[in-house]
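Heads up: the structure comes next, in structure tokens.
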Number of protein chains: 2
Amino acid sequence: MPRVVDHEERRWEIVFALWLVIAEQGIEGVSLRHVAAEAGVSMGRIQHYFGTKDALVLAGCTALVDRAYGGYQETADAAPRERLLHVMTQQIPRDDAGRIGVSVWYAYVAKSINDAAVRQVLAEARRGAEDECVRLIRADRDVSAETALAQARRLLALADGLTLRVLVRDLEPAEAVAILEAEVGAG
Amino acid sequence: MPRVVDHEERRWEIVFALWLVIAEQGIEGVSLRHVAAEAGVSMGRIQHYFGTKDALVLAGCTALVDRAYGGYQETADAAPRERLLHVMTQQIPRDDAGRIGVSVWYAYVAKSINDAAVRQVLAEARRGAEDECVRLIRADRDVSAETALAQARRLLALADGLTLRVLVRDLEPAEAVAILEAEVGAG
DNA sequence: CCTGTTACGATGCGAGTGCATTGCAAAGCC
DNA sequence: GGCTTTGCAATGCACTCGCATCGTAACAGG
């Protein structure tokens, strides 16, 4: 058989271009032509690897979730308290790259309100994060499962809100991190 | 001169239809034709009153902010603590109407990342809310301006995050309200 | 009645869209 | 060196989009 290429690499190039388009034009600006131009490839290639526009956009969502999970796993050998703080503060944008990532994230969050497939992906990710936070909290201090769950939910919601404010430049990254450090420390 | 109609009424009908379209199809689904169909009017009417699609969408944003501010002003004769709680919990969706309103709100938040005009409207609204919360906090308890500002920011961010989770049905409205009541009470 | 202005419905146009189709180039196997 | 299967570029098509334009129905003032 013929012509062997690295499929994962090809898919990744296209997904990365998709993220760039979303970051700088919003999810409204996503079209096969725009993504193809950003990636420097032809529309045909995108169709070949993803089939449909919806499939491409959804793949971009799962890729985002996977990347976040991979980043978390790299902290496996840290103390629970540190890992918890990492989960809360990781998505706070500190530079342009972080800003791109989190703006894409929020684009998908908004889309999830009206898109069942995206909603399911994000719901699953959120549930995973919540479970993991509960585990970290109970590893850090002696509390009941219910207490840990309430604390996890409060912390995650707070982190989301702070991240958004940093993204739209209503808040400095340092201040957001400081607030979260105080909250995580207080238990 | 001719043909007198209530301009505000006409504009409001169209903006309301716009909100419905955003709520059920997302901001991607907004087109002059869709909004016109939802409002039961012709495209020409929308052009007559708003000129351009961008102007319509922006008008929908300012109308949303104005409505929220009007709702707040209705609580003018309540105690500061109660008003503060109202600000934090008002946008938590309890029924379908509330869900529509807040989903439109989040659509605009996402749009503000890439749209300067929307961003400015929301930034102004957020600043106003923050200032008002600082005033309410200092009327409720004796704290410094810096402390009140820090508390206000933390509460508003937390309320945003909780609202989002209720919207995507990851959290019950009652639990979100309970968390906020505890936080506002704790000071 | 007439006239001038306003309110808007209808239509047309050029641009952009997602997707199906077609065709060909590249590269293992025989 | 053919043969065959894959990877993908190119093109065409039906459709939707925002917006400009045109026509006209309605109505207050003279």
Side-chain angles (χ1 to χ4, degrees), chain A residues 1-61 107-108 110-111 114-118, chain B residues 1-61 107-108 110-111 114-118:
Chain A
M1 299 115 178
R3 191 98 168 270
V4 59
V5 299
D6 186 337
H7 295 70
E8 276 311 305
E9 173 72 15
R10 294 275 194 246
R11 288 175 65 92
W12 164 246
E13 287 169 2
I14 294 170
V15 164
F16 187 72
L18 167 71
W19 288 355
L20 288 182
V21 171
I22 293 177
E24 61 197 30
Q25 307 201 49
I27 230 169
E28 292 182 84
V30 173
S31 77
L32 294 183
R33 284 162 235 266
H34 285 158
V35 175
E38 181 76 52
V41 304
S42 78
M43 263 177 58
R45 184 122 122 203
I46 299 181
Q47 288 187 270
H48 181 72
Y49 281 101
F50 295 94
T52 211
K53 180 194 172 184
D54 283 353
L56 168 65
V57 172
L58 188 60
C61 183
Y108 277 113
K111 188 172 181 58
N114 299 286
D115 183 315
V118 170
Chain B
M1 296 115 182
R3 190 91 169 276
V4 61
V5 298
D6 186 336
H7 294 70
E8 276 311 305
E9 173 70 16
R10 294 275 194 248
R11 289 175 63 92
W12 165 246
E13 288 169 1
I14 294 170
V15 164
F16 187 71
L18 168 69
W19 288 354
L20 288 182
V21 172
I22 293 177
E24 60 198 30
Q25 308 202 48
I27 231 170
E28 292 183 84
V30 172
S31 77
L32 294 183
R33 284 162 234 266
H34 285 158
V35 175
E38 181 77 49
V41 304
S42 77
M43 263 177 58
R45 183 121 124 205
I46 299 181
Q47 289 186 270
H48 181 69
Y49 281 101
F50 295 94
T52 211
K53 180 195 172 182
D54 283 352
L56 169 65
V57 172
L58 188 60
C61 183
Y108 277 113
K111 188 174 181 56
N114 298 287
D115 184 313
V118 171

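None of these values were measured; they are calculated from a predicted model. Residue numbering restarts at 1 for every chain, and letters A, B, ... go by the order of the sequence lines. Keep in mind that the numbers below use all heavy atoms, side chains included, and drop hydrogens, waters and symmetry copies.
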Rounded to the Å, how far apart are [X] [atom1] and [N] [atom2]?
X: E28(A); N: dT16(D); atom1: CD; atom2: P; value: 19 Å
X: H34(A); N: dA15(C); atom1: NE2; atom2: P; value: 15 Å
X: R11(A); N: dC8(D); atom1: CZ; atom2: P; value: 12 Å
X: K53(A); N: dA20(C); atom1: NZ; atom2: C1'; value: 17 Å
X: Q47(B); N: dA20(D); atom1: CD; atom2: P; value: 7 Å
X: R33(B); N: dC15(D); atom1: CZ; atom2: P; value: 14 Å
X: M43(B); N: dC13(C); atom1: CE; atom2: P; value: 15 Å
X: Y49(A); N: dG7(D); atom1: OH; atom2: P; value: 6 Å

Look up atom [atom1] in [X] and atom [atom2] in [Y], then write down how far apart they are to the nearest 0.5 Å.
X: F50(B); Y: L32(B); atom1: CZ; atom2: CG; result: 11.0 Å
X: H7(A); Y: R10(A); atom1: NE2; atom2: CZ; result: 9.5 Å
X: K111(A); Y: I27(A); atom1: NZ; atom2: CD1; result: 5.0 Å
X: Q47(A); Y: L56(A); atom1: CD; atom2: CG; result: 11.0 Å
X: L18(A); Y: R11(A); atom1: CG; atom2: CZ; result: 12.0 Å

Nearest to the side chain of [X], heavy atoms from C-beta on, is which of [options]?
X: H7(B); options: dC19(D), dC8(D), dA7(C); value: dA7(C)
X: H48(A); options: dC8(D), dC19(C), dC17(D); value: dC8(D)
X: R10(B); options: dC8(D), dC8(C), dG18(D); value: dC8(C)
X: V5(A); options: dG7(D), dC19(D), dC19(C); value: dG7(D)
X: L32(A); options: dC8(D), dC8(C), dC19(C); value: dC19(C)
X: S31(B); options: dA7(C), dG18(D), dA10(C); value: dG18(D)

Next item on the list: Determine the contact category for V35(A): base if any of its heavy atoms lies under 4.0 Å from a base atom, sugar-phosphate if only primed atoms, P, OP1 or OP2 are that close, otherwise nothing.
Entry: nothing
Margin query: For a quick test of reading the model: is some side-chain N or O of T52(A) closer than 4.0 Å to OP1 or OP2 of dG18(C)?
Written below: no
